[in-house]
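Step one of this worksheet: look at the structure below.
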Amino acid sequence: MTDLSVRIGDITLANPIMPGSGTLAEGMADVFDLSRLGAIVTKTFTDDLREGNAPPRVAELQNSTLFSIGIPSKGTDYYLNKTVPFYQKFNTPIVASISADTTEGFGALAAKLSDSGVVAIEANISCPNLKKDGLAFGMDPVATEEVIRAMKAATHLPVWAKLSPNVGDIAVIARAAENGGADALVTANAMLAMAIDIETWQPRVANLMGGITGPATKPVIMRMVYQCAQAVSIPVIGCGGVSNAADAIEYMLAGATAVQMGTQSFVQPTAMVKLLDDLTAYCERRGIAKVSKLTGAMRMFSPEQLARQGSL
Amino acid sequence: MTDLSVRIGDITLANPIMPGSGTLAEGMADVFDLSRLGAIVTKTFTDDLREGNAPPRVAELQNSTLFSIGIPSKGTDYYLNKTVPFYQKFNTPIVASISADTTEGFGALAAKLSDSGVVAIEANISCPNLKKDGLAFGMDPVATEEVIRAMKAATHLPVWAKLSPNVGDIAVIARAAENGGADALVTANAMLAMAIDIETWQPRVANLMGGITGPATKPVIMRMVYQCAQAVSIPVIGCGGVSNAADAIEYMLAGATAVQMGTQSFVQPTAMVKLLDDLTAYCERRGIAKVSKLTGAMRMFSPEQLARQGSL
Amino acid sequence: MSLCAVKPDEAGAGDSFPVAENLCTIVSNDWVNEEYRLLIVDAPAIALAAKAGQFFHLMCPPDGESGNFLRRPMSIHRIDREQGQLHFLYKVQGSGTRGLATLGQGDTLDALGPVGQGFTLPRGTQHVVMIGRGVGLATLAPLAQEAVAAGAKVTAILSARMASLLMAEDALRSDGAEVVIVTDDVGNSDTTSLEALLRRVHADRPIDFVATCGSKRLTRLLQDFSTEFGIAGQVALEQRMGCALGMCFACVMPFRNTAADGTRTVGYRRVCWDGPVFNLEETVL
Amino acid sequence: MSLCAVKPDEAGAGDSFPVAENLCTIVSNDWVNEEYRLLIVDAPAIALAAKAGQFFHLMCPPDGESGNFLRRPMSIHRIDREQGQLHFLYKVQGSGTRGLATLGQGDTLDALGPVGQGFTLPRGTQHVVMIGRGVGLATLAPLAQEAVAAGAKVTAILSARMASLLMAEDALRSDGAEVVIVTDDVGNSDTTSLEALLRRVHADRPIDFVATCGSKRLTRLLQDFSTEFGIAGQVALEQRMGCALGMCFACVMPFRNTAADGTRTVGYRRVCWDGPVFNLEETVL
Ligand SMILES: Cc1cc2nc3c(=O)[nH]c(=O)nc-3n(C[C@H](O)[C@H](O)[C@H](O)COP(=O)(O)OP(=O)(O)OC[C@H]3O[C@@H](n4cnc5c(N)ncnc54)[C@H](O)[C@@H]3O)c2cc1C
Ligand SMILES: Cc1cc2nc3c(=O)[nH]c(=O)nc-3n(C[C@H](O)[C@H](O)[C@H](O)COP(=O)(O)OP(=O)(O)OC[C@H]3O[C@@H](n4cnc5c(N)ncnc54)[C@H](O)[C@@H]3O)c2cc1C
Ligand SMILES: Cc1cc2nc3c(=O)[nH]c(=O)nc-3n(C[C@H](O)[C@H](O)[C@H](O)COP(=O)(O)O)c2cc1C
Ligand SMILES: Cc1cc2nc3c(=O)[nH]c(=O)nc-3n(C[C@H](O)[C@H](O)[C@H](O)COP(=O)(O)O)c2cc1C
Ligand code: FES
Ligand code: FES
């Protein structure tokens with residue numbers, strides 16, 4: 001019987017699969033028992049009410065999607081009074097995801113969640129830092145560290161830093177988050193992308209640019225997960241293009257402790273459940289008693305192999 | 001009769017399609033008449049002889065590939081005496097691509113090409129700057145500007161800066177290249193990526209990391225082409241996931257003057273010829289007399305459209 | 001969909017969930033005219049629980065070389081619980097629907113659903129008038145069935161460019177609806193003519209529920225008409241979707257909200273989760 | 001391939017190029033044993049110009065949900081210019097070959113080629129000995145045809161785990177080769193036994209050309225044997241490929257180079273462009 005449990009700092013999850021923030025909501029409970037998930041990560045909310053971007057908010061790409069939702073938010077009270085109680089019906093740890101316009105805002109909102117019943121807070125730092133010429137917090141190591149530090153000062157809850165992939169050196173950002181006290185990293189949010197309709201000559205999402213998500217993004221994010229895992233001691237949660245157990249295993253081999261699935265849940269809502277079944281089958285086939293043994297288990301080519309120079 | 005010509009600075013190309021550096025070689029002449037291309041960009045070479053990376057150098061991904069060739073090079077003499085004469089058999093302007101370990105090396109090699117018969121030199125700055133802790137030239141605006149400046153000082157030939165996409169702000173690098181005197185930008189080289197075989201637990205390319213190329217990369221590179229075109233006045237050549245005329249048109253609408261096709265040539269060697277035929281057909285259908293009119297012709301959503309809030 | 005769909009005693013049991021990736025077997029998938037095909041499938045029980053106005057999110061086979069990554073939303077056109085079949089009426093428009101068109105008898109259709117809020121007929125409704133144009137008729141047809149079954153008279157006004165492009169006419173009649181046809185050809189499909197027609201119908205037999213789908217012009221007409229006469233009404237809308245389960249927030253459109261104190265605001269709602277059927281007076285066009 | 005394949009007077013004429021994306025019609029694609037299938041296609045003239053040892057880069061249909069982005073290289077197994085057909089013998093191994101296996105009679109195979117350097121039989125060769133194991137036999141078979149046609153005697157030593165896994169045995173015999181079978185079962189396929197066999201064959205009738213494919217062990221054996229007896233020999237190699245046209249430089253392997261002054265170095269060559277057939281003495285295993 002495979003032990004699927006994983007530890008993210010002081011939190012033990014029953015298994016390494018959870019949804020990416022913004023890709024699971026109440027409607028999924030109509031499809032399968034959410035108690036099967038390792039954790040439930042909820043959509044990013046802000047303290048203030050927001051409508052989000054104008055539609056069209058989605059465009060289909062090859063093996064991927066372009067999304068430009070913005071951060072629609074019903075505010076903190078709704079989250080505490082409606083959202084959390086809904087998910088507490090399941091035996092699954094809840095992870096909140098928050099965003100704010102300023103470092104102080106992140107801290108203040110984190111404080112409000114301390115007694116909410118969530119087990120951790122994901123800091124969505126891919127949003128613009130309005131106090132610093134609009135550059136996203138997650139593109140600036142100093143801002144990243146400050147946000148995490150402010151949140152850690154404001155709450156006893158573990159803080160997961162959700163990194164932006166739109167940077168030149170993600171290891172620098174990873175270390176900054178760790179220095180700020182992050183208990184884990186989520187690598188990563190969506191890469192900034194664009195698509196134009198060649199018949200209308202207009203952008204395919206109203207916001208001009210959006211995030212590209214789905215299987216096409218996996219190889220780039222895989223490299224980032226590896227770089228993050230090499231750079232820090234805290235757990236790294238892989239997020240980008242996970243569609244099945246093979247992807248989850250690959251991320252874990254690269255250094256991830258757990259994974260998040262986003263877009264694939266739109267294509268195949270039962271995909272996370274199937275992933276767990278297939279992950280178990282893989283571990284049984286390979287005689288792996290604990291799935292956590294996969295984390296960082298990638299083996300480099302030996303000098304002998306390289307000398308044989310990769311002939312098949 | 002559609003006018004397919006485009007101008008890259010002082011160079012007029014018969015059409016906007018050319019191969020990405022490293023994706024076309026003499027063998028393509030066995031497949032179609034290379035005189036049909038707008039230009040021929042040759043594989044990056046260095047003055048010194050290099051073997052390149054150990055194999056395996058290629059791994060298939062979904063709708064894309066992971067390549068880790070390194071920069072194998074037969075040196076300058078081979079380029080001048082063998083490679084250039086071969087391509088001079090065709091009525092197609094030749095663009096050299098060079099790499100070096102230092103700024104001075106770029107300048108010196110550029111000087112050697114001044115009388116070679118090539119019409120321009122592409123600076124492949126995605127390689128590590130050995131004098132500056134191994135960070136790629138193209139990830140550092142200062143190094144980027146210095147390399148271009150050194151090349152412009154060394155030769156009268158136009159210099160195209162081939163940008164690395166592995167940066168947080170590609171507009172900054174674009175402007176640095178322009179400040180250094182670049183005559184055009186090529187946006188972009190391949191994004192750094194990784195893939196692991198979940199049966200062997202080993203990387204799928206010997207070098208651990210490689211570049212991801214092909215259709216899956218287009219939306220991210222499209223956004224970078226747009227950002228570059230917004231940031232500079234010099235022409236931007238789009239490169240990343242071009243597989244057909246629709247992709248070429250999309251890049252041009254985003255701001256590209258011309259495009260390069262790489263990986264698709266491996267899948268369908270006649271793809272560039274087909275692209276030209278389909279591009280002509282599109283222009284005829286739309287009553288576009290000059291394909292160059294497509295450059296930057298994307299239309300934003302109007303306030304009225306956004307107010308209607310994108311209902312279908 | 002109910003937020004409490006998980007029955008506590010059946011938690012974990014695979015088939016107690018109201019929404020599933022239903023694997024349906026194709027019975028037929030034929031052209032009904034130049035642009036539209038009728039897809040008939042054998043469907044499992046979960047799918048057959050669908051109501052008029054609800055839809056499914058269909059996995060579409062590849063169209064030639066390009067795959068269809070996201071599912072495509074399609075309304076229920078007919079729910080035939082006797083035969084255990086569902087009907088979809090779809091226009092072959094782009095890559096997804098071209099892929100759908102390749103499915104043949106015996107093939108499998110993966111249909112996620114049923115999802116969405118369907119039509120809500122007020123108790124005791126006497127006379128339903130539905131106006132549909134183009135493929136909007138596909139979505140309205142099951143409402144006619146349900147309304148007749150609930151004891152209401154149904155008048156179905158079908159609009160099209162020309163009579164040959166009409167669909168669902170015969171099915172509506174055999175379901176018990178009175179069908180009125182208006183076409184651009186004949187020149188009686190314009191707003192003025194339709195408004196006059198509605199007034200005549202209402203005068204003849206009071207309308208207490210209106211429904212439409214597929215045309216902003218017709219929706220606006222019905223909004224004005226229902227406001228003037230105080231008639232309840234709903235419209236089935238469309239928007240680009242990612243998940244069809246209320247998770248991604250891609251499918252929003254603006255709607256009028258009236259607060260408890262009467263203040264009116266406009267805000268986004270999800271067409272897949274709060275709709276696709278909405279009350280006419282809340283719909284912003 | 002020649003670097004001057006473009007005939008100046010035919011520049012631009014679509015069909016004067018020696019390499020093409022040949023659209024071939026499937027004649028049959030059947031299992032020959034548990035692991036291998038024989039694909040027979042009607043092929044156009046460009047493709048029929050293929051020589052033994054050359055290969056094609058095949059576009060593989062999707063295997064279920066996952067597409068096959070890159071082509072797969074497959075050796076010519078048989079060139080039948082009379083029938084205008086090509087044969088490929090392939091092991092169903094992974095996603096690409098599973099996709100190939102779905103092609104049926106009348107379907108189209110996109111075969112880029114012919115590419116690569118084939119076997120070069122020195123003029124006047126009298127006795128060719130080829131040793132192949134597994135699917136290596138697929139690649140060697142056309143060499144037997146060409147050698148017999150050139151007037152040489154051909155001895156084909158086929159190695160397999162057991163006799164039932166042998167392939168191409170009958171075709172080789174009917175092409176005029178003498179076939180010797182060695183198997184693990186019987187215990188005569190090991191290196192020592194084979195070396196002894198080669199010596200006996202050579203003593204019986206001097207060998208002046210050896211060829212192999214598909215096994216490092218057999219290649220090493222032939223390298224030693226050909227060095228000892230001063231016999232010319234070639235091996236057909238495999239490496240992961242991107243383009244098969246010598247452009248991407250993915251497919252390199254190390255080879256021994258001897259400079260004009262006699263210095264020996266080891267350097268990379270492209271298996272698709274400089275090979276896949278290489279001289280035994282240059283091959284580094
Ligand atoms: C709730 C709902 C019910 C629908 N019911 C029907 C029906 O019964 N019959 C029918 O023919 N059509 C119906 N549609 C529209 C149908 O979904 C689109 O025609 C279809 O998605 C087009 O896909 P395509 O790939 O063939 O076309 P493309 O134009 O190539 O589509 C490109 C992308 O845009 C999306 N898209 C394009 N048009 C629409 C649209 N009108 N609505 C939503 N997404 C769209 C596609 O899903 C796809 O992701 C319905 C739409 C919704 C939202
Ligand atoms: C010049 C040449 C001639 C060949 N001729 C034959 C032949 O006649 N019959 C036959 O059965 N096989 C032959 N092969 C091997 C054949 O190409 C592989 O079996 C096939 O590519 C496997 O693809 P797959 O997707 O089914 O397997 P997978 O294992 O899923 O392949 C994954 C990837 O690795 C590549 N790959 C895997 N094995 C090989 C290999 N041995 N050589 C090159 N690439 C590989 C695939 O092309 C693919 O890109 C030849 C290879 C080369 C290079
Ligand atoms: C529709 C949609 C909404 C998202 N909303 C959020 C969000 O609110 N907060 C956040 O941190 N990430 C958000 N994301 C990003 C995902 O959590 C995830 O990082 C990304 O989609 C990559 O994973 P995937 O490739 O598996 O989809 C969203 C993604 C999608 C597709
Ligand atoms: C096999 C291979 C070799 C490449 N070699 C080079 C090179 O030598 N110099 C360079 O600047 N880019 C090189 N590239 C990058 C391409 O020029 C191009 O930027 C990239 O492949 C993206 O285009 P594509 O998606 O159309 O393939 C190479 C790409 C591939 C696939
Ligand atoms: S389609 Fe995802 S919320 Fe409606
Ligand atoms: S496969 Fe591209 S060079 Fe050989």
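Because only heavy atoms are used, hydrogens play no part in the values below, and waters and symmetry mates are left out as well, while side chains stay in. The sequence lines fix the lettering, A, B, ..., with proteins before strands; numbering per chain opens at 1. Keep in mind the model is a prediction, meaning the values are calculated, not measured.
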Leading residue by heavy atom contact count with chain C [cutoff under 4.5 Å; candidates [options]]:
options: Ser64(A), Pro215(A), Pro72(A); answer: Ser64(A)
options: Gln62(A), Lys43(A), Gln268(A), Glu51(A); answer: Glu51(A)
options: Asn53(A), Val205(A), Thr270(A); answer: Thr270(A)
options: Thr263(A), Ile69(A), Val273(A); answer: Ile69(A)
options: Ser35(A), Pro269(A), Gly262(A); answer: Pro269(A)

- Charged N to carboxylate O below 4.0 Å: is that the case for Asp184(C) and Arg217(C)?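 No, Asp184(C) and Arg217(C) are not salt-bridged.
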- Among Thr44(A), Asp47(A), Leu113(A), which one satisfies side chain to side chain contact (heavy atoms under 4.5 Å, CB included) with Ile98(A)?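 That would be Leu113(A); it is the only one of Thr44(A), Asp47(A), Leu113(A) passing the side chain to side chain contact (heavy atoms under 4.5 Å, CB included) with Ile98(A).
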- Message: For Thr42(A) and Tyr79(A), which I'm curious about, is there any donor-acceptor pair between the side chains at under 3.5 Å?
- Response: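 Side-chain D/A pair, Thr42(A) to Tyr79(A): present.
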- Which atoms of Leu112(C) come close to chain A, meaning under 4.5 Å heavy atom to heavy atom: side chain ones, backbone ones, both, or neither?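 Side chain only.
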- Heavy-atom distances under 4.5 Å only: say whether Arg269(C) touches chain A with side chain, backbone, both or neither.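 For Arg269(C), neither part sits under 4.5 Å from chain A.
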- Query: Is any side-chain heavy atom of Thr76(A) less than 4.5 Å from a side-chain heavy atom of Phe45(A)?
  - Reply: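 The answer is yes, as the side chains (C-beta and beyond) meet within the 4.5 Å cut-off.
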- Pair listing, salt bridge (Lys or Arg N to Asp or Glu O under 4.0 Å) test, anchored in residues 58-84 of chain A, at least two apart: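 Residue pairs with at least one partner in residues 58-84 of chain A: Glu60(A)-Arg72(C).
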- Spacing of Met247(C) atom CE and Met28(A) atom CE [to the nearest 0.5 Å]: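 Spacing of CE (Met247(C)) from CE (Met28(A)) equals 3.5 Å.
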- Residues which pass side-chain hydrogen bond (donor to acceptor under 3.5 Å, both in side chains) with Asp107(C), listed by chain and number, not counting sequence neighbours: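 Asp107(C): no side-chain hydrogen bond (donor to acceptor under 3.5 Å, both in side chains) contacts found.
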- Which atoms of Thr23(A) come close to chain C, meaning under 4.5 Å heavy atom to heavy atom: side chain ones, backbone ones, both, or neither?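 It is the backbone, since no side chain atom gets that close.
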- When Cys248(C), Cys272(C), Gly246(C), Cys251(C) are compared by non-hydrogen pairs under 4.5 Å with chain A, the top option: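 Top count of heavy-atom pairs under 4.5 Å with chain A: Cys248(C).
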